[in-house]
Amino acid sequence: DDAPALAVLLGQTLAEEGYSVLMLEMDGDRPSLRKYLGVSGRVDVADCLEDNSRLPYAILRTATPNLNLIDCCHDGETIRKAVSSARCRTFIQDALAIYDYVILNAPPASFGNGAAAVGCAADQTVLVARDDRYTTKELNGIALNLRQRAVGLSGLVFVGVKKRQLRAVYKADGKAYQS
């Protein structure tokens, strides 16, 4: 749940700053934005791509002003197919004409191509990884896979880092390592 929690925190922060934000739940296997935002719907992106007249029924208002959600009601495979379509990229571009930010929550990159398909539809992708869950080799493999699929990978956020481990990120003189 680290990536969805981070996505919601980012969305709420941007909305509280006065930006209009649309969050799209793209994880059909484990949708969790609804849990954090306290809303759920019956119409999702896949439905809107098939019939854009359903869009008004898909946009859910949250308790945070300026923050809306389109929930995920279909299984992961249906969402992955919908997201990889050209219509999805057009849908997101149209949403960006209305909203300042569109935040997509995708399934973990290590569980198939879901994140890669979503990443191809996005301007920028942030990979969220729990510390000690992946080896460096696995993370490099995921990043390489995303880049090979033309995903604009802007960075990696580690979650669950213990404060003791955080000290190891700094040199002996207290300055942070540069990459």
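From a predicted model like this one, the values you see are computed outputs, not experimental measurements.
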S32 side chain to P4 main-chain N or O, any donor-acceptor pair under 3.5 Å? no

Rounded distance (nearest 0.5 Å) linking atom CZ of F91 with atom CG of N52: 9.0 Å

Run through V45, I92, L49 and flag the one making a side-chain contact (heavy atoms from CB on, under 4.5 Å) with R87. L49

Smallest heavy-atom separation, L37 atom then M23 atom, equals CD1-SD, 4.1 Å

Joint cluster assignment, I59 & I98, ILVMFWY side-chain distance < 4.5 Å: yes

Smallest heavy-atom separation, I79 atom then A46 atom, equals CD1-CB, 4.2 Å

Of all heavy-atom pairs linking A15 and T64, the shortest is CB-CG2, 3.9 Å

Enter the distance from C72:SG to L69:CG here, rounded to the nearest 0.5 Å. 10.0 Å

Rounded distance [0.5 Å steps], CG in L60 versus CZ in R42: 10.0 Å

With sequence neighbours left out, write down each residue that passes side-chain hydrogen bond (donor to acceptor under 3.5 Å, both in side chains) with Y101, or none if nothing qualifies. none

Is there a side chain to side chain contact (heavy atoms under 4.5 Å, CB included) between I103 and V8? Walk through the geometry before answering. CA-CA 9 Å; I103 299 174; V8 168; over 6 Å; no

When Ile, Leu, Val, Met, Phe, Trp and Tyr are grouped by side-chain heavy atoms lying under 4.5 Å apart, directly or through other members, which residues fall in the same group as V43? Y57

Group every Ile, Leu, Val, Met, Phe, Trp and Tyr by side-chain heavy-atom contacts under 4.5 Å, then state whether L9 and L33 land in the same group. no

Point-to-point distance, once rounded to the nearest 0.5 Å, from CD of E25 to NZ of K35: 10.5 Å

Is there a donor-acceptor contact under 3.5 Å from the side chain of D44 to the main chain of H74? yes

So which heavy atom on V21 is nearest to which on L14, and how close? CG2-CB, 3.7 Å

Closest heavy-atom contact between C88 and M26? SG-CE, 4.3 Å

Shortest non-hydrogen contact from L67 toward T62: O-OG1, 2.7 Å

Go through the steps for N66 and Y99 under the test side chain to side chain donor-acceptor pair (under 3.5 Å), then give the verdict. CA-CA 9 Å; N66 300 323; Y99 292 91; over 6 Å; no

Rounding to 0.5 Å, atoms CZ (R61) and CG (N68) come to a distance of 5.5 Å

Could you tell me which residues satisfy side-chain hydrogen bond (donor to acceptor under 3.5 Å, both in side chains) with S40, sequence neighbours excluded, listed by chain and number? none

Value for SG (C73) from CG (D47), rounded to nearest 0.5 Å, stands at 6.5 Å

